[in-house]
Amino acid sequence: MKRVALLISGGGSNMLALVRDMAGDHPARPVLVLSNDPMAGGLAKAAALGVPTAAVDHRPFGRDRAAFEAELLKPLLAAEPDIICLAGFMRILTPGFIRRFEGRMLNIHPSLLPKYPGLHTHQRALDAGDTEAGCTVHEVTAELDAGPLLGQARVPVLPGDTADALAARVLVEEHRLYPAVLRRFAAGDRTPVLLP
Ligand code: GRF
């Protein structure tokens with residue numbers, strides 16, 4: 001049974017989708033939900049499902065990412081995860097931190113990578129006049145939002161779409177895609193999951 005740690009910054013809807021799916025014949029179980037914000041709404045939701053939680057506030061560390069990460073590593077390493085899922089985790093991790101977990105750290109990004117790495121993905125898709133958008137699960141590497149693809153889901157861009165409307169449509173697909181990818185990845189299979 002694989003041990004999974006989930007890193008969140010906010011409400012944790014992706015984290016919840018993953019935790020709820022890790023049951024029955026799933027090859028993995030959640031062992032920790034960790035946040036860079038002690039007030040992140042997802043922490044209470046994880047605790048309510050019986051998953052251990054921890055928080056390391058990044059703000060007191062200012063620009064000192066290494067010092068923040070040294071603290072973040074304490075609860076993380078103590079949980080002995082086999083796999084780490086970034087699920088709405090909004091801090092950029094240093095290459096040194098990423099190298100520690102290379103090949104076993106996943107992230108979900110709300111665009112069809114390699115299109116629109118970074119922020120404001122839905123507005124950028126609308127501004128470009130794209131007819132479809134979506135989300136991507138990828139392995140985390142030192143280059144932001146650029147690691148090997150593990151899954152993608154596509155949605156249509158509809159007439160009159162706002163960034164919020166598109167984000168809501170994509171989020172539904174995120175909650176389907178990420179659990180499907182983790183189930184396959186935890187079984188040792190890196191074949192990309194492609195949802196229509
Ligand atoms: C999601 O769209 C995710 O792709 C992005 O942050 C958003 C919030 O996710 N990284 P969650 O509800 O906190 O999981």
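First listed ligand is number 1; within each ligand, the first listed atom is number 1.
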Just wondering, more than 12 heavy atoms not from Glu143 lying within 6.0 Å of its CD? no
Check step by step if side-chain contact (heavy atoms from CB on, under 4.5 Å) holds for His175 and Leu18. CA-CA 8 Å; His175 298 162; Leu18 291 167; over 6 Å; no
Where do Glu102 and Thr141 land on the side chain to side chain donor-acceptor pair (under 3.5 Å) test, with the steps shown first? CA-CA 7 Å; Glu102 195 132 22; Thr141 58; 5.3 Å; no
Which of parallel (below 30°), tilted (30 to 60°) and perpendicular (above 60°) describes Phe68 and His58? perpendicular
Pair Arg124, Asp130 - check salt bridge (charged side-chain N to carboxylate O under 4.0 Å, His left out), show working. CA-CA 9 Å; Arg124 291 156 69 192; Asp130 290 356; over 6 Å; no
Indicate whether any N or O donor in one side chain lies under 3.5 Å from an N or O acceptor in the other, for Thr121 and His109. no
Between the protein and ligand 1, are there any N or O atom pairs that come within less than 3.5 Å of each other, and if so, what are their names and distances?
unit_1	atom_1	unit_2	atom_2	d
ligand 1	2 (O)	Glu174	OE1	3.3
ligand 1	2 (O)	Glu174	OE2	2.9
ligand 1	4 (O)	Glu174	OE1	2.7
ligand 1	4 (O)	Glu174	OE2	3.4
ligand 1	12 (O)	Ser13	N	3.1
ligand 1	12 (O)	Ser13	OG	2.6
ligand 1	13 (O)	Gly12	N	3.2
ligand 1	14 (O)	Ser13	N	3.3
ligand 1	14 (O)	Asn14	N	2.9
ligand 1	14 (O)	Asn14	ND2	3.1

